[in-house]
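Notes for the one structure printed next.
Within every chain, numbering begins at 1; the chains are lettered A, B, ... in the order of the sequence lines, protein sequences first and strands thereafter.
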Amino acid sequence: SAVISQKPSRDICQRGTSLTIQCQVDSQVTMMFWYRQQPGQSLTLIATANQGSEATYESGFVIDKFPISRPNLTFSTLTVSNMSPEDSSIYLCSVVLRTSGTNTGELFFGEGSRLTVL
Amino acid sequence: QQQVKQSPQSLIVQKGGISIINCAYENTAFDYFPWYQQFPGKGPALLIAIRPDVSEKKEGRFTISFNKSAKQFSLHIMDSQPGDSATYFCAASIRGGSYIPTFGRGTSLIVHP
């Protein structure tokens, strides 16, 4: 299994500011993802965090709004830029675990970062 | 276009009853079907998963039934307990690809004592 630590666990931010969320995994993983979960809603993939290169964004999400870094196999950050109340959501880091060179297919999630924008 | 349709959106069951959540998919390339359980304030966690070469998988009180021809799969929770109260997400992915799953909309399950 994988243990994923996310910081901050929650924050209240002012409109127009930016917040960076950190994700630390206790083992090397092949793939890291960032999801958004709005209250009572499903999980929406924002992007795949690629080690050492630009993240791969899903339709509707852009790098200027959600810049992502992944400097190594165990760490990634997601920044929510120029926030508005519509960005109030839970942001989740997730990983696919590598086992003996193959992917297990199981997604592990962090506990999420609950963001409220006023 | 939603590729994995999940129902019902919410479910209320009495303790000891059977909870049933259904999902249907469209993409026949999907070959891995996990269910995730999410408690309030926590991230989702894998509960049970099935591959299309079997029609049923059971782990304790949780069973996945899979119907490949109908492109449907369901989660059955036997002897439902108040501790099972959570949101359940079905998902589907392609193992030979990126493993990025397509999630259903989720089902909020409440089990009354």
Side-chain angles (χ1 to χ4, degrees), chain A residues 1-10 21 23-25 29-50 55-61 78 89-99 102-116, chain B residues 1-11 21 23-25 29-54 57 59 64 85-110:
Chain A
S1 65
V3 176
I4 303 173
S5 301
Q6 271 188 247
K7 294 180 182 179
S9 59
R10 60 177 63 233
I21 302 167
C23 176
Q24 178 73 53
V25 188
V29 294
T30 54
M31 305 186 75
M32 296 181 74
F33 308 99
W34 287 98
Y35 281 86
R36 182 174 72 183
Q37 185 177 27
Q38 294 177 310
Q41 300 297 313
S42 188
L43 302 155
T44 301
L45 181 64
I46 297 172
T48 301
N50 300 309
T56 304
Y57 290 85
E58 298 299 305
S59 176
F61 298 96
L78 167 73
S89 190
I90 300 171
Y91 293 86
L92 292 153
C93 173
S94 72
V95 304
V96 173
L97 196 65
R98 174 194 291 272
T99 303
T102 61
N103 291 322
T104 65
E106 178 180 356
L107 273 185
F108 293 89
F109 287 86
E111 295 203 338
S113 299
R114 183 181 297 271
L115 181 62
T116 301
Chain B
Q1 181 182 11
Q2 183 188 1
Q3 292 192 52
V4 179
K5 296 182 179 180
Q6 183 173 348
S7 63
Q9 185 174 353
S10 62
L11 182 61
I21 305 171
C23 284
Y25 63 97
F30 288 143
D31 60 0
Y32 181 67
F33 302 90
W35 286 87
Y36 286 84
Q37 179 187 53
Q38 184 179 29
F39 293 106
K42 302 293 186 182
L46 180 68
L47 180 64
I48 186 172
I50 197 169
R51 295 190 170 131
D53 52 342
V54 297
K57 183 173 182 180
E59 291 185 1
I64 299 179
S85 298
T87 299
Y88 293 82
F89 294 96
C90 64
S93 65
I94 303 171
R95 284 180 294 154
S98 65
Y99 279 104
I100 298 175
T102 298
F103 284 95
R105 292 188 182 275
T107 296
S108 175
L109 171 65
I110 297 174

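Looking at A:Ser42, its side chain never comes within 3.5 Å of a backbone N or O of B:Gly106 through a donor-acceptor pair.
The shortest distance between side-chain heavy atoms of A:Leu107 and B:Pro34 does not fall below 4.5 Å. Within the 4.5 Å cutoff, the side chain of A:Gln37 has no heavy atoms near those of the B:Phe103 side chain.
Within a 6.0 Å radius of CD in B:Glu59, other residues, nucleotides and ligands contribute more than 12 heavy atoms.
Heavy-atom distances place the side chain of A:Thr48, and not its backbone, under 4.5 Å from chain B. If you measure heavy-atom distances from B:Gln38 to chain A, the contacts under 4.5 Å come from the side chain alone.
Options A:Leu43, A:Thr44, A:Ile90 differ in how many heavy-atom pairs under 4.5 Å they form with chain B, and the most are formed by A:Leu43.
Between B:Pro44 and A:Leu92, the closest heavy-atom pair is CD-CD1, 4.2 Å.
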